[in-house]
Amino acid sequence: MQNKLKMLLCLLLLGLSAVAQKPELKTKFGKISKEETDMTAAPSDPAAPAVVLFDKGYVDHRYVNSVGFIQEFERHTRIKIFKKEAYHLADVAFMYYKWQKIGDLKATCYNMENGKMVEIDLEKANVFDEKITRNRMLRKFTIPGVKEGSIIEFKYTITDEDVVGIPDWTFQKVSVPTIWSEFEATIPTFISYKKLAQGWEPFTLAEEKEVNKNINVTFSNRGEGLVVQTTTQTVKIEYSSSYMHFIQQNLPAIKAEPYVPAPSDYLSQINFDIQAVYNTNVVPNGLDYKLINTSFKSYTNNWETLGREMLEDVYDKELNSGKYTKEQAATCTAGKATPSEKLTAIYEYVGKNYAVRDYNLIWVSQSQESLTKDHKGTATDVNLLMINMLRQAGLKAWPVMISTRSNGRIHPARVVPQAFDRVIAAVEGEDGKLILMNAAAFPQPPGLLAKEDLNESGLLLKSAEEIVWENVQNKVSSREALIANLAIKPEGGLNGTVSLLTSGYPAVQQRGFIARKNADDMLQQTFKDWAAESTFSEVKVDKPTEWQEPAMKTEFKLESTGFATVSGNKIYLTPVLNLGQHENPFKNPERKFNIDMGAPHDESFNITFTIPEGYKVEEAPKSTKIALSENAMSFDYIVESTPQTIKISVRTKTRKPYFGADEYENLRQYFTTMSAKLEEQVVLTKI
């Protein structure tokens, strides 16, 4: 599929033609223009709840005597708020490493009151730091005084003496448009990096060039002898840097479309990956000196190396030390004979006893001692603990690094840890095949991952010598199969028996309804379109609380005043009982984004209707079969009738849930045909 992700990420070899006049937006903190104050709607999107007036980032490397080169990243952002839905933009948060220094942090809200500008500044007491991992911190604050019509502004600088790393830059926002976004950076050539870009939006400016810069370095010389003299000498050293300057203007918000789990996959942005850092020597350069590159340290450049580094440097201690897990693992598996029983017992213990934080990190956020004491951590923390316990119980288990659906798809050219955001577990089953598990998904049965985990493939870390890609898919299939035998009443309505067999996600959802209330409520929730005109009786549920079982069966009697309507000498029957996908989710004639429908799914309805005496079938839908290319999705609608009965059999099957934007028209037509077919009626007439 030529269009699949092709537009998303490409090496930024931007040899664009020079711009006749370099665009420029001069900004100063606190200097608000009349145009900004008077603005009542975003120029390009009047319905938007806010607009980013500008968002500017600047990276520089400067030399400090006795320290060396330090990196400074400055960000300055200003936003106009139009509606309450955008108040969350006043909540600002950014990650940094604990050795970095945050400086020049200020934030202000500007409101016009009685014709005068009122400024409300952020106070230091309302700035907070949260420890995320051993080395990573989260700085967060809320700009005060926000209301409709406010302008909010913030600015900060991050200083880093470890110059390995260049901040990424996102030009576009998901929820609001942006008028001006600018990124400028100067990177010494002893840092070798790769740029990747994504998005459709054009650059107003894309400038890249090599520039020469100078630093003055002061040396001290201590003399010898009875009288010690210290002299200083300052020399000028020239070095080369890569300069880049990117501007984008009038960027639209990413409009929500069905089945797009990660809008960030489509935002206009630039990412930087460090490839190597060179050692340098100072050599004469005429009357002065210059800096030249010599040997270098290479950074991760393939997935196997990255996986090995993460396994050995990050996860090894969490996986193999039994100090805090051995005893509990033995308690969990006491009396359990088979690997399957042990696996289930440990999964249940961790799932029931450990709370999972609502954010994802590929890094370990705390020590195992802290985790086992507080019983709360990220999904990565908790899954590493579960793998450790499985190993303590004698099972073969390994970590798998994945990117969740909301984190986005993994691009093969971007070999960095942040390509992933969660660790799940891979356990060898009794048949030698791997079972993928996520303790955060409990009480889903082993082998049924959270839907959020299903994002093509993950990096399986078996050992330093065996790092391989593994398809991230469920061992438990998701299926719904309904069988009904219903009599059409001469006065209208239906009655009869219904049997529903579910497995995978539908079974988990229905068990959840039962656990929260009862089986009757489960039927009300499952068959919402039936509830107003129907009653359920003699409800029988097989295995309603056995969470570890993949399937569940429900049987009940149905009495309904709907679906069969009498008009004169005719009865109009809705034969699929409002089941299935009746509305086409793909209504737009065009689409830019790829389609991700989550997980494979199999759904079938087999409904046999008994025709009331004195009636016959006058009109019925025709049997139909449609399928997408390679049978990725299929829809079968089969009609069978006798003088006494009419049977409708419907089956929809999704085998491949991911489609490129270039397949959109075929997919849209598929759903158009299917939804129209499900609306067709059976007409009975009196003999």
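Scope of the values below: all heavy atoms of this structure, side chains included, with no hydrogens, waters or symmetry mates.
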Gap between atom CG of D129 and atom CZ of R139 - 0.5 Å precision: 4.0 Å

Before we go on, tell me: are the rings of F183 and F246 under 6.0 Å apart, centre to centre? no

With distance as the sole test, does D374 use its side chain to make a donor-acceptor pair with the main-chain N or O of K376 at under 3.5 Å? no

Trace of the side-chain hydrogen bond (donor to acceptor under 3.5 Å, both in side chains) decision for Q249 with T204: CA-CA 7 Å; Q249 292 177 259; T204 304; 3.1 Å; yes

Is there side-chain contact between L306 and V416, with at least one heavy-atom pair below 4.5 Å? no

Can a donor-acceptor pair be found, under 3.5 Å and without considering hydrogens, that links the side chain of Q198 to the backbone of S264? yes

Test item: L385 and Y354 side chains (from C-beta on) under 4.5 Å apart, heavy atoms: yes

Test side chain to side chain donor-acceptor pair (under 3.5 Å) applied to S268 and Q248, Q172, E201, the passing residue: Q248

To the nearest 0.5 Å, what is the distance between OG1 (T378) and CG (L371)? 8.5 Å

State, yes or no, whether a side-chain contact exists between W398 and L461 at a heavy-atom distance under 4.5 Å. no

At what distance, to the nearest 0.5 angstrom, does CZ of R308 lie from CG of N302? 7.5 Å

Can you find a heavy atom in the side chain of N65 that is under 4.5 Å from one in the side chain of V217? yes

For L205, is there any backbone N or O sitting under 3.5 Å from a side-chain donor or acceptor partner on K22? no

Taking the side chain from D168 and the backbone from F272, do they hold a donor-acceptor pair closer than 3.5 Å? yes

Please report the C-alpha distance between D381 and S365 in whole Å, then the side-chain angles of each, then the deciding distance to 0.1 Å, and finally whether the side-chain hydrogen bond (donor to acceptor under 3.5 Å, both in side chains) criterion is met. CA-CA 7 Å; D381 295 334; S365 75; 2.3 Å; yes

Would the distance check show the side chain of N455 and the main-chain N or O of S403 forming a donor-acceptor pair, the cut-off being under 3.5 Å? yes

List the steps and the verdict of side-chain hydrogen bond (donor to acceptor under 3.5 Å, both in side chains) for S295 and N279. CA-CA 5 Å; S295 60; N279 293 314; 2.8 Å; yes

Just by modelled atom types, is the W363 backbone N or O under 3.5 Å from a matching donor or acceptor in the Y315 side chain? no

Within a strict 4.5 Å, meaning less than it, do heavy atoms of the K56 and E74 side chains meet? no

Please report the interatomic distance OG1(T186) to OH(Y243), rounded to the nearest 0.5 Å. 6.5 Å

Nearest non-hydrogen partners of A276 and Y299, listed with the distance: CA-CD1, 4.0 Å

Rounded at 0.5 Å granularity, tell me how far CG in N388 sits from CD in E318. 8.5 Å

Could you tell me whether Y347 and F442 have their ring centroids closer than 6.0 angstrom? yes

Value rounded to 0.5 Å, distance of OG1 in T404 from CG in N360: 5.0 Å

More than 12 heavy atoms of other residues, nucleotides or ligands under 6.0 Å from NZ of K475: yes or no? yes

Please answer whether the main-chain N or O of Y156 pairs with a side-chain N or O of D104 as donor and acceptor at a distance below 3.5 Å. no

Do L449 and I424 make a side-chain contact, defined as non-hydrogen atoms from C-beta onward lying under 4.5 Å apart? yes

Taking the side chain as everything from C-beta on, heavy atoms only, tell me whether T27 gets closer than 4.5 Å to L25. yes

Checking D160 against Q71: is there a side-chain donor and acceptor pair closer than 3.5 Å? no

Anything under 30° is parallel, anything over 60° is perpendicular, the rest tilted; go ahead and classify F593 against Y266. tilted

In terms of side-chain geometry, is the basic nitrogen of K290 or E238 positioned less than 4.0 Å from the acidic oxygen of its partner? no

Report yes or no: does S321 contribute a side-chain atom to a donor-acceptor pair with the main-chain N or O of K317 at less than 3.5 Å? no

In T380, D453, N383, N407, the residue satisfying side chain to side chain donor-acceptor pair (under 3.5 Å) with R422 is D453

May I ask you to decide whether E208 forms a salt bridge with K195, counting only side-chain N to carboxylate O separations under 4.0 Å? yes

Candidate pair N471 and E456, rule side chain to side chain contact (heavy atoms under 4.5 Å, CB included), full reasoning: CA-CA 6 Å; N471 288 333; E456 290 198 301; over 6 Å; no

Nearest non-hydrogen partners of L311 and P399, listed with the distance: CD1-CG, 4.3 Å

Closest non-hydrogen atom pair, I191 against Y193: O-CD2, 3.6 Å

Taking everything shown except Y289 itself, do over 12 heavy atoms lie less than 6.0 Å from its OH? no

Ring centers of W303, F420 separated by less than 6.0 Å: yes

Does D273 pair with R414 as a salt bridge, N-O distance under 4.0 Å? yes

Answer whether the closest heavy-atom distance between the side chains of V174 and L267 falls below 4.5 Å. yes

Backbone N/O of S463 and side chain of E466: donor-acceptor pair under 3.5 Å: no

Where K28 and E153 come nearest, the two heavy atoms and their spacing: O-OE2, 4.0 Å

Would you call D55 and K173 a salt bridge, taking side-chain N to carboxylate O under 4.0 Å as the test? yes

Ignoring hydrogens and angles, tell me if any N or O in the side chain of K462 forms a donor-acceptor pair with the backbone of V468 under 3.5 Å. no

Indicate the atoms forming the closest heavy-atom contact of G598 with R405, along with that distance. CA-NH1, 3.3 Å

Would you check, one step at a time, whether the test side-chain hydrogen bond (donor to acceptor under 3.5 Å, both in side chains) holds for D91 with T142? CA-CA 4 Å; D91 299 324; T142 298; 2.8 Å; yes

Mind telling me whether F296 and Y278 have parallel, tilted or perpendicular rings, with 30° and 60° as the class edges? tilted

Sequence neighbours excluded, which residues qualify as salt bridge (charged side-chain N to carboxylate O under 4.0 Å, His left out) partners of E257? R591

Is it the case that more than 12 heavy atoms not belonging to E130 sit under 6.0 Å from its CD atom? yes

Does the structure place the NZ or CZ of R409 under 6.0 Å from the centre of the six-membered ring of Y658, at an angle of no more than 45° from the ring's axis? yes

Closest heavy-atom pair and its distance - I362, P417: CG2-O, 3.7 Å

